[in-house]
Structures are given as C-alpha cells and as structure tokens.
Amino acid sequence: MALVEKGKGFKSLFTAVIAYVSGILTLFPFLWMLSTSFKSQQEALISGVSIIPQTFLLTSYVEALQKASLLHYVYNSLVVTVGSTIGVVITSLMAGYALSRMHFPGKKIIFIIILGTMLIPHQATMVPSFLLMKTFGWVNSFKALIIPFLVYPFAVFLIRNFFLSIPKELEEAAYLDGCSRMQTLIRIIIPISKPAIASVVIFNFTYIWNDFFWPLVMTTSTEMRTVQVGLALIKSEFLLQWPLLMSATVLSSIPIFVVYIAFQRFFVEGSVSSGVKG
C-alpha cells in the first residue's frame, strides 16, 4: 500500500510540474507582450526577453489610440465580428434543428455537403469569392466582410450533434402542450443548448476577429480596415516600434478575453457534461 501511495504521490507531483511548466511556457509570450508595451523603444531593443520594465510608460498606448487609429480598426472589427457571430448563431440553430429533428428528402446529402465544405481551404475559394463580391459591388464595404461569413459549417455540425443528444421526449411534451416547432426550439431547445451556443460564439468570434487575409483582400481604404490589417499597417508605417506594436496588440486582444470570460462558464459546463455522458 505504501508503494502504491508513493507511486500515486509521485504521479501527482509529476503531473503538477508538467502543468505548471506548460502554463508558464504558454503565458510567457503574453507576459512579454504586455511588458514590452510599457517599455521605451530603446529598452525594448536592448533588454532582450526581460519581463519587468525598468520604467513603466503609457506613451505607446496613447500613441496607438491617437496616431495609429487603433480605435477605428477595433470598431470595424467589432461590427464585422459581432454581426457575423449573431448570424452564425441564428443560421446554425436553424440548420442544426432541421438536420437533427426534421425529416425531408436529401437531408443526409445536404449534411455531407456541409461537412465537405469544411475540407476546402478558404484560400482555394478566394478568387471566385472576390469576383462575386466585385460583381455585387460589395468590395470595401461591411457587406463583403459580414455576409459571406453568416454561415459557419463547423457551427452547423456542432449544433446538429448537440441537438441529437437532447431527448426527444422534451419536444413531445412541448407539442402536447400546444407548442409549435419554432416555440419548441426557442423555449425548450435553445435554453438547453447554451454550452453549444457558447462554443459557437467563442470559436466564431475568435476566427473572425483574427482573420487577416479576407479583410486585406476585400478592403481598399484605411477607413474599412479591421484590427488585424491595422496592426500590419502600424508595423509598416511606424518603422517597427515594438512598444507601439505590442500596446496595440494588447488593446486589440481585450475583446477576445472579454468574450471568452463571458462565455467560458457555459463552455466548461458543456465540456463537463459531454465527459459525463461519455
């Protein structure tokens, strides 16, 4: 018994050490980014990978907000990301419910096609997508940045599979009480599906917020640039001032952290419940 307890204690200690080391390695780039944002340009170039600045300066944050037009880039990204995420949640709920609960000809084929689109790289459809946006006259507008991303195949796949795990007896009871399909979806299914919806929000918000290539191709003026393209412009316009770039990156990362913190409780609950079911 003593040997077994020692073995378990050693295993727990080893696991804890690995977890702490992994956490430090994961957080170190973020800590370095935050530290560099408070340094002067000279200190950022000569201090190497030091974490604690010699002097804490806020000039880079002021410059990022005033001279680099960061707030305008963040506003554009918020409009695009929030609009796309709301659309994805709505379309994935509608499509997921239809594919999991309704019976109609070609349902399996449609689902296979949706899965097939997940295998096609986004870059492969860039040229025809650009020509389509140009034909519609949507280039350099929010329409080109939002409408093509109102449907997210992975979100449809995720919501559909979550709906399949919900007992049909709940819907049957709602039908007996006189609820229609839409009322059942809104009053019964959606409240139960908060973990899946939170996952869709986190994944889609992060993907659209961090997207660089599509906004770069679809926007031609500085007024329509999103935050990721704006960071690239800051890097080129200000001759690689590391404190300025890091402060702009810190500010642009705040919405991601806010969204994750707001939805992580539902996300964790969904992961735990999935593990219990398994």
Side-chain angles (χ1 to χ4, degrees), residues 69-100 102 104-163 182 185 196-197 199-237 252 255-256 259:
S69 303
L70 183 66
L71 285 179
H72 186 72
Y73 299 142
V74 170
Y75 169 77
N76 289 342
S77 286
L78 283 175
V79 172
V80 173
T81 307
V82 172
S84 171
T85 301
I86 293 175
V88 163
V89 170
I90 295 174
T91 56
S92 60
L93 287 173
M94 297 293 105
Y97 183 79
L99 293 171
S100 62
M102 300 177 66
F104 53 89
K107 183 176 74 172
K108 291 184 178 180
I109 297 176
I110 293 175
F111 183 62
I112 292 174
I113 293 174
I114 292 174
L115 293 181
T117 60
M118 296 171 58
L119 304 177
I120 302 175
H122 183 53
Q123 291 77 7
T125 61
M126 183 62 66
V127 173
S129 297
F130 176 80
L131 294 177
L132 189 63
M133 296 297 104
K134 187 177 180 181
T135 302
F136 290 161
W138 291 355
V139 176
N140 199 43
S141 68
F142 284 122
K143 295 179 182 179
L145 298 177
I146 297 176
I147 293 179
F149 296 96
L150 292 179
V151 178
Y152 188 16
F154 176 73
V156 175
F157 170 77
L158 183 66
I159 295 294
R160 179 254 187 190
N161 286 354
F162 191 89
F163 283 175
M182 184 60 67
L185 176 63
I197 296 173
S199 302
V200 169
V201 171
I202 292 174
F203 288 142
N204 189 80
F205 193 97
T206 304
Y207 171 71
I208 299 297
W209 185 269
N210 292 328
D211 190 18
F212 172 79
F213 195 53
W214 180 264
L216 178 65
V217 173
M218 289 297 159
T219 57
T220 57
S221 64
T222 305
E223 289 73 17
M224 289 302 303
R225 300 296 193 187
T226 57
V227 68
Q228 301 303 327
V229 181
L231 291 176
L233 293 176
I234 291 174
K235 182 178 178 181
S236 61
E237 290 180 1
S252 66
I256 294 290
V259 169

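Here the structure is a predicted model, which means the values were calculated and not measured.
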Item to check | Closest heavy-atom pair and its distance - Pro148, Lys143 | outcome: CD-O, 3.4 Å
Checklist entry - What's the verdict on side chain to side chain contact (heavy atoms under 4.5 Å, CB included) for Thr226 and Thr219, showing C-alpha distance, side-chain angles and the deciding distance? => result CA-CA 9 Å; Thr226 57; Thr219 57; 5.9 Å; no
Checklist entry - Any idea how Phe205 and Trp209 line up, ring-wise: parallel (<30°), tilted (30 to 60°), or perpendicular (>60°)? => result parallel
Checklist entry - How far does CG of Leu145 sit from CG of Asp211, to the nearest 0.5 angstrom? => result 9.0 Å
Checklist entry - What pairs with Ala95 under side-chain contact (heavy atoms from CB on, under 4.5 Å), at least two apart in sequence or on another chain? => result Val156
Checklist outcome for this item: Looking only at heavy atoms, the pair that brings Leu231 and Ser252 closest together is CD1-OG, 3.8 Å
Item to check | Test side-chain contact (heavy atoms from CB on, under 4.5 Å) applied to Thr206 - qualifying residues, sequence neighbours left out | outcome: Ile202, Asn210, Ile256
Using a 3.5 Å cut-off and no angle test, enumerate the donor-acceptor pairs between side-chain atoms of residues 76-88 and protein atoms at least two apart in sequence or in another chain.
residue: Asn76; atom: ND2; partner: Glu223; partner atom: O; Å: 2.7
residue: Asn76; atom: ND2; partner: Arg225; partner atom: O; Å: 2.8
residue: Ser77; atom: OG; partner: Tyr73; partner atom: O; Å: 3.4
residue: Ser77; atom: OG; partner: Val227; partner atom: N; Å: 2.7
residue: Thr81; atom: OG1; partner: Ser77; partner atom: O; Å: 2.6
residue: Ser84; atom: OG; partner: Phe149; partner atom: O; Å: 2.9
residue: Thr85; atom: OG1; partner: Thr81; partner atom: O; Å: 2.7
residue: Thr85; atom: OG1; partner: Asn204; partner atom: ND2; Å: 3.0

Tabulate below the donor-acceptor pairs under 3.5 Å that side-chain atoms of residues 108-128 make, not counting sequence neighbours, or state none.
residue: Thr117; atom: OG1; partner: Ile114; partner atom: O; Å: 2.5
residue: Thr125; atom: OG1; partner: His122; partner atom: O; Å: 3.1

Item to check | Pairing residues for Ser221 by the side chain to side chain donor-acceptor pair (under 3.5 Å) criterion, not counting sequence neighbours | outcome: Asn140
Checklist outcome for this item: Between the NE2 atom in His72 and the OG1 atom in Thr222, the distance rounded to the nearest 0.5 Å is 8.5 Å
Checklist entry - Can you list the residues that meet the side-chain contact (heavy atoms from CB on, under 4.5 Å) rule with Phe212, with sequence neighbours excluded? => result Leu216, Gln228, Val229, Ala232
Item to check | Straight-line distance of Phe130 CZ to Thr135 OG1, nearest 0.5 Å | outcome: 9.5 Å
Checklist outcome for this item: Sorted by chain and number, sequence neighbours left out, ring-ring contact (aromatic ring centres under 6.0 Å, His included) with Tyr207 holds for none
Item to check | For Met102 against Lys107, the heavy-atom pair lying closest together | outcome: O-NZ, 3.0 Å
Checklist entry - Does CZ belonging to Phe157 count more than 12 external heavy atoms closer than 6.0 Å? => result no
Item to check | Stepwise side chain to side chain contact (heavy atoms under 4.5 Å, CB included) check, Leu93 with Phe163 | outcome: CA-CA 9 Å; Leu93 287 173; Phe163 283 175; 3.7 Å; yes
Next on the checklist: Tell me whether Trp138 contacts the main-chain N or O of Met218 through its side chain, where contact means a donor paired with an acceptor under 3.5 Å.
Outcome noted: no
Checklist entry - Phe162 and Ser199: side chain to side chain contact (heavy atoms under 4.5 Å, CB included), yes or no, with the steps? => result CA-CA 11 Å; Phe162 191 89; Ser199 302; over 6 Å; no
Checklist entry - Between Arg160 and Ser100, what is the shortest heavy-atom contact and its length? => result O-CB, 3.7 Å
Checklist entry - Within a reach of under 6.0 Å around NZ of Lys134, are more than 12 heavy atoms found that belong to other residues, nucleotides or ligands? => result no
